[in-house]
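None of these values were measured; they are calculated from a predicted model.
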Amino acid sequence: MKEKIRLAITAAAFMLSAVVHAQQLTLNDVIRIAQENSFDAQVAKLSFMSSYWTYRSFKADLKPSVNLSANLLGFDHSLVGVRNYETGQQAYVDENSMTNSVTLSLDQKIVETGGVISLKSYLYHLRQFDYNLNTINTQPLEVSYSQPLFAYNASKWEKKTAPLQFEIAQKTYTAAMQDVAMTTTALFFNVLSAQSEYRQSETTVKDREQLLEMARRRLELGTTTRSEMLQMELSLVNARVAQTSNKLNLDNAMYRLFSYLRLSSYEDAVLLSPRHVPELLLVPDDVVQKALQNSSHNGEMKLQELNAEMSLARAKSARGLQMTLTGDVGFRQSAPDFRGAYSHLQDNEVVGVTLSMPIFDWGMSKGRVKMAQAELDVIKTKNEQAHLDYVQDLRRDVADFNTLPLQCRNAARAEEIAGERYEITKKRFETGTISVTDLNTAQQELESAKSQYISQLFKFWSKYYALQKTTLYDWRNGCEITVDYEKISKK
């Protein structure tokens, strides 16, 4: 409930700022909203919560547990078979009784051995109505221990895998937030591109209207031909068609972005292009080190091998002798009343061993061990190759990323040059020294330069957030990406 209120306040603040600032949003603003409000962010949080409570349950299972079990009001009115031990004859007698029993126990798993030790207290009451007899059996204190021998110890393996699974879940959540940033970046630049094209088409329509009016006056003066005037009018019509199409593209791009952000008020939103590109030159070795240190890559490979080793241990333990040692030590008593049942307690000791062993199974157990061993070898081989590919791909990504700041600067300069050339061309057209074709060519070059610049910005930021996801490191500020997981778990 508190989270919903906080999100409502965030959305309200966003809409309030929209009224004052016409909804001017930067890339960081949009990413922050998405990481709080998008469905992908919510799914990531819920997935982490599931892993969090799974790990909490695992830790709780290692602690002593207090258990109460009872069988109450066990009324029995039936015929039961009774055998005469002297003659061997069986007869049926009327049974009319009620039983009640209660057991209170304190149980503790022994992780290293796989055994269970328990401290118990037991009470049993039998009431025979036909004979007006009460029988009370008690075991006020009993210590019992059960220990499998040569068996698969699930608790020991779970102690190895559960913390690793939770660590992977933490890193997966942090990486999922970077996935949200990458998705938001793509949607943001889609809007930015559509927004740029629409603005350019608006400017083009205004220019063509002015130039068409100028061409008509020049036609009246006889300084231009009707063909050139019609070509300018055609250029205006095409510009208006492009403006309508670009407006639809902008509306669709805006809808996809703000739908992802789960915000409904965006009619006046204006996205600000992140023209400042930080001067980052990443060292491949540093990036690889951070990736191996912070990402879930190593943990996932280790977990795969642990699961394979666990399957191998299970297969090996199932092929041989299975033994379970059990022992109970305590006190007991039986009497017709409670006072007698808890007086003059007698010793109670029970010790036993159960065992089972396959004599001949046509090699089935051996086959299972071989399969498990082969699966472990396959996983190790695949992980070795996957690790080499992971490091190599990461180094290549860093090399690609390091070229992008220069590419962005070149694209920005190209946009400036194309804009200046278009203005010069337009003035030359106004003086009648060039044709409409030359003007259209300059305009197309300007639109291409603007599109290329936005494309280079998108490549830079998408690559940046991809590396930030891989390394879980903020390269702009030079710090680790930290998340308050306890705060998330309390939402």
Side-chain angles (χ1 to χ4, degrees), residues 25-35 38 40-41 44 171-196 253 256-257 260-261 271-298 386-415 448-483:
L25 294 174
T26 65
L27 178 59
N28 288 337
D29 294 333
V30 175
I31 289 176
R32 176 181 54 79
I33 295 172
Q35 289 179 339
S38 69
D40 285 349
K171 294 180 177 180
T172 300
Y173 170 77
T174 308
M177 290 297 101
Q178 302 310 308
D179 276 330
V180 171
M182 292 169 63
T183 301
T184 306
T185 299
L187 294 171
F188 180 89
F189 276 96
N190 284 341
V191 175
L192 207 61
S193 178
Q195 185 175 273
S196 174
R256 287 192 293 269
L257 172 61
Y260 186 75
L261 301 181
L271 304 189
L272 302 180
S273 175
R275 289 185 170 272
H276 173 68
V277 174
E279 291 292 336
L280 289 177
L281 185 62
L282 303 183
V283 179
D285 289 341
D286 293 342
V287 175
V288 170
Q289 179 186 0
K290 288 296 182 183
L292 297 180
Q293 172 184 324
N294 296 339
S295 73
S296 61
H297 172 73
N298 282 341
H387 180 72
L388 293 175
D389 293 342
Y390 178 80
V391 173
Q392 185 62 32
D393 290 344
L394 196 53
R395 290 182 179 277
R396 185 171 60 250
D397 290 341
V398 173
D400 292 343
F401 174 80
N402 285 338
T403 65
L404 293 176
L406 178 59
Q407 293 287 78
C408 290
R409 290 195 297 271
N410 290 337
R413 179 57 185 154
E415 182 186 21
S448 176
K450 286 180 176 291
S451 176
Q452 181 65 21
Y453 178 53
I454 293 175
S455 176
Q456 291 299 327
L457 286 176
F458 169 63
K459 287 181 181 179
F460 175 86
W461 288 109
S462 61
K463 280 283 188 180
Y464 173 80
Y465 284 114
L467 288 174
Q468 188 164 278
K469 172 193 172 183
T470 304
T471 59
L472 301 184
Y473 189 82
D474 186 345
W475 296 98
R476 283 183 292 176
N477 299 314
C479 62
E480 307 284 345
I481 297 177
T482 58
V483 177

side-chain contact (heavy atoms from CB on, under 4.5 Å) between Lys469 and Met182: does it pass, once the steps are laid out? CA-CA 9 Å; Lys469 172 193 172 183; Met182 292 169 63; 4.1 Å; yes

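- In this structure, CZ in Arg256 is found 13.0 Å from CG in Leu261, a value given to the nearest 0.5 Å.
- Using a distance-only test at 3.5 Å, with no hydrogens or angles considered, a donor-acceptor pair links the side chain of Tyr473 to the main chain of Gly478.
- Here the closest heavy-atom approach between residue Met177 and residue Ala41 is recorded as CE-CA, 3.7 Å.
- Within the model, atoms OG1 of Thr185 and OH of Tyr465 stand 5.5 Å from one another, a figure rounded to the nearest 0.5 Å.
- Two residues are said to be in side-chain contact when any heavy atoms from C-beta on lie closer than 4.5 Å; Trp461 and Phe188 fail this criterion.
- No donor-acceptor pair under 3.5 Å is formed between the side chain of Ser455 and the backbone N or O of Ser451.
- The backbone N or O of Gln35 sits nowhere less than 3.5 Å from a side-chain atom of Ser38 that would complete a donor-acceptor pair.
- Across all non-hydrogen atoms, the minimal contact from Ala44 to Tyr173 is O-CD1, 3.6 Å.
- Between Leu192 and Ile454, the shortest heavy-atom contact is O-CD1, 3.7 Å.
- Distance check, rounded to the nearest 0.5 Å: CD of Glu415 to CZ of Arg275 gives 5.0 Å.
- Residues Pro278 and Phe460 form a side-chain contact, since some pair of their non-hydrogen atoms from C-beta on lies under 4.5 Å apart.
- Looking at every heavy atom in both residues, Pro405 comes nearest to Val277 through CA-CG1, 4.3 Å.
- Note that CG of Asn402 is 4.5 Å distant from CG of Leu281, once rounded to the nearest 0.5 Å.
- Using a 4.5 Å heavy-atom threshold, the side chains of Asp179 and Asp40 count as separate.
- Under the 3.5 Å distance criterion, with hydrogens and angles disregarded, a donor-acceptor pair is assigned to the side chains of Thr26 and Asp29.
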Take Gln178 and Ile481, measure what side-chain contact (heavy atoms from CB on, under 4.5 Å) needs, and give me the verdict at the end. CA-CA 10 Å; Gln178 302 310 308; Ile481 297 177; 3.8 Å; yes

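- Residues Lys463 and Leu467 fail the side-chain proximity criterion, which asks for heavy atoms closer than 4.5 Å.
- At a threshold of 4.5 Å between non-hydrogen side-chain atoms, the residues Lys290 and Leu472 do not count as touching.
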Can you list the steps and then say if Lys459 with Asp400 is a side-chain contact (heavy atoms from CB on, under 4.5 Å)? CA-CA 10 Å; Lys459 287 181 181 179; Asp400 292 343; over 6 Å; no

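- Between Phe401 and Tyr464, the ring-plane angle classifies as tilted under the 30° and 60° cut-offs.
- Taking 4.5 Å as the limit, every side-chain heavy atom of Leu257 sits out of range of all side-chain heavy atoms of Asn190.
- For the residue pair Leu457 and Ser273, the shortest heavy atom distance occurs at CD1-OG, 3.5 Å.
- Remark: side-chain polar atoms of Asp474 are not paired, donor with acceptor, to backbone N or O of Cys479 under 3.5 angstrom.
- Here the side chains of Asp285 and Gln289 are not in contact, with every heavy-atom distance at 4.5 Å or above.
- Taken to the nearest 0.5 Å, the OG atom of Ser193 stands 10.5 Å off from the CZ atom of Phe458.
- For the pair Arg395 and Val288, the minimum side-chain heavy-atom distance is below 4.5 Å.
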